[in-house]
There are 2 protein chains.
Amino acid sequence: MKNSIRKERKKEIISGLYELSQSEGLENVSIAKIGKHLGMPPSLVMHYFPNKRLLILGLIDHILHQYQLIYKPIISKMENQPRINPELLVDRLFSRDWNLLFDDGVFFSCYAFIFRDASIKREYKNLHVKLRMTLKTLLDKDEVLMNGDTGLLAERIFVVIEGAYYYLSMMDDPKTYDEKLKIFKDQVYELIYSEINRLEQPARSG
Amino acid sequence: MKNSIRKERKKEIISGLYELSQSEGLENVSIAKIGKHLGMPPSLVMHYFPNKRLLILGLIDHILHQYQLIYKPIISKMENQPRINPELLVDRLFSRDWNLLFDDGVFFSCYAFIFRDASIKREYKNLHVKLRMTLKTLLDKDEVLMNGDTGLLAERIFVVIEGAYYYLSMMDDPKTYDEKLKIFKDQVYELIYSEINRLEQPARSG
DNA sequence: TTATTTATTGAATATTCATTCAATATTAAA
DNA sequence: TTTAATATTGAATGAATATTCAATAAATAA
């Protein structure tokens, strides 16, 4: 019981930091503002996070955890099927449902820390490697794709997803956004289909 | 003459801001620090940039300008040739020579502003669209590729480049870095070669 | 119950922040 | 040379910053 109030408070504080980062920008959030936002004195914030760096680390933990949740529904929907459905897979990979899970601005503000904090860089890297492994595990269940290099395919798919995430964040006009989105989805389709074709046909000289 | 000292001073200040952002992080730079770094009173900094937002805008202008310079050498090397050399092109597109031109940490710190500042978003978008048009122009000079959709090809190439830039920034180990880099370079080769193959062969049903 | 640990408060700290202002120095235009 | 515009200085502002501390309240353990 003693410990649970501590955990809850820490969560509450990180949520407050997150909300303020979303509306005002991470660089404009202070401990006093967090306290005011949550109705507690700044000294209580510092009781749980003795310095600002720990606060930032807590926020990054939270965001990376949310990020990871994005792909949970894909996995549960696809596992236990002998063949993957490329349309469905790509649809889910590019879905922006996760916009409900976390804010892109906060995500990239935190991302910028990887260049000056080695442990943050490691955390971000672990997440991205883990996501690739998740996709690889999914591809490994397909009875055709499993005969190829699913790790390589997962890398190639994710680099498009991440490039698209970065690039599409700049698009304001929904029409342009959809046009570009279609391009990148098709690009991933082709990665999958050409791998399937390659594996289904007998080896050729090249 | 009167105007040139103004322009030089503004450049000097932006450079100072850039250097400090590189070493301390953009969020930790203040007007006083810039002044100290350059040996001038903070009031002089504010004489040229009346508020902090204008300072940030100046920094972003500077970075986007540098970013654009990355691809200058590619263009000059490749234009006036009837066929593009895919190896050479991909090598240049993925070269990290630009690390001399600007700092990735500062770049992403500034990028994070697009989510809360519409005019910054527009600037970033314009840059990225322009880079794609530059590549398209290059592809259009190739006597085979010119018969296909070079705009689409440019989009597909750049999304890989940008995804790779984002993802590879997390890699510390040079060996891992090179392995991943090779994957993404090959991915772009294949985009180019499969487009060339498609265009060189007679139309098929499908 | 008492003792001990944890949670919470509010006041206080020195430092840094962006910004303003009046005064002076320098330069260009007349 | 005089005038006007700009460049530069240094001091001053109040607000906000992260952090500290002692005191109190609440919860748990003895």
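No hydrogens, no waters, no symmetry mates; every other heavy atom, side chains included, goes into these values. Lettering of chains follows the sequences in order, A, B, ..., and the numbering in each one begins at 1.
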Residue whose closest nucleotide on DNA chain D lies nearer the 5' end, B/G39 versus A/M46: B/G39
Nearest-neighbour nucleotide for the [X] side chain, [options] considered:
| X | options | answer |
| --- | --- | --- |
| A/I5 | C/dT8, D/dG10, C/dT20 | C/dT8 |
| B/H47 | C/dC17, D/dT8, D/dT9 | D/dT8 |
| A/P42 | C/dT8, C/dG10, D/dT19 | D/dT19 |
| A/L44 | D/dT8, C/dT8, D/dA18 | C/dT8 |
| B/R6 | D/dT19, D/dA7, C/dT9 | D/dA7 |
| B/I31 | D/dA7, C/dA7, C/dT19 | C/dT19 |

Atom-to-atom span, [atom1] of [X] to [atom2] of [N] - whole angstrom:
| X | N | atom1 | atom2 | value |
| --- | --- | --- | --- | --- |
| A/N51 | D/dT20 | CG | C1' | 14 Å |
| B/R53 | C/dT19 | CZ | C1' | 17 Å |
| A/F49 | C/dA7 | CZ | P | 13 Å |
| B/M40 | D/dA11 | CE | P | 18 Å |
| B/I34 | C/dT19 | CD1 | C1' | 14 Å |
| A/E8 | C/dT6 | CD | P | 18 Å |
| A/E27 | D/dA16 | CD | P | 17 Å |
| A/N28 | D/dA15 | CG | P | 19 Å |

Taking 4.0 Å as the cut-off, does a side-chain nitrogen or oxygen of [X] come that near to OP1 or OP2 on [N]?
| X | N | value |
| --- | --- | --- |
| B/R9 | D/dT8 | yes |
| A/K52 | D/dT17 | no |
| B/S43 | C/dT20 | no |

Full working for ring pair (Phe, Tyr, Trp, His ring centres under 6.0 Å) between A/F102 and A/H65: CA-CA 10 Å; A/F102 66 90; A/H65 182 252; over 10 Å; no
Distance-only donor-acceptor check, side chains A/Y18 and A/D103, under 3.5 Å: no
Distance-only donor-acceptor check, side chains A/D140 and A/T150, under 3.5 Å: yes
B/H128 and B/Y124 aromatic ring geometry - parallel, tilted or perpendicular at 30°/60° bounds: parallel
Whether A/Y193 and A/Y189 hold their rings parallel, tilted or perpendicular, with breakpoints at 30° and 60°: tilted
Touch class at under 4.0 angstrom, heavy-atom based, for A/Y48 against every strand present: sugar-phosphate
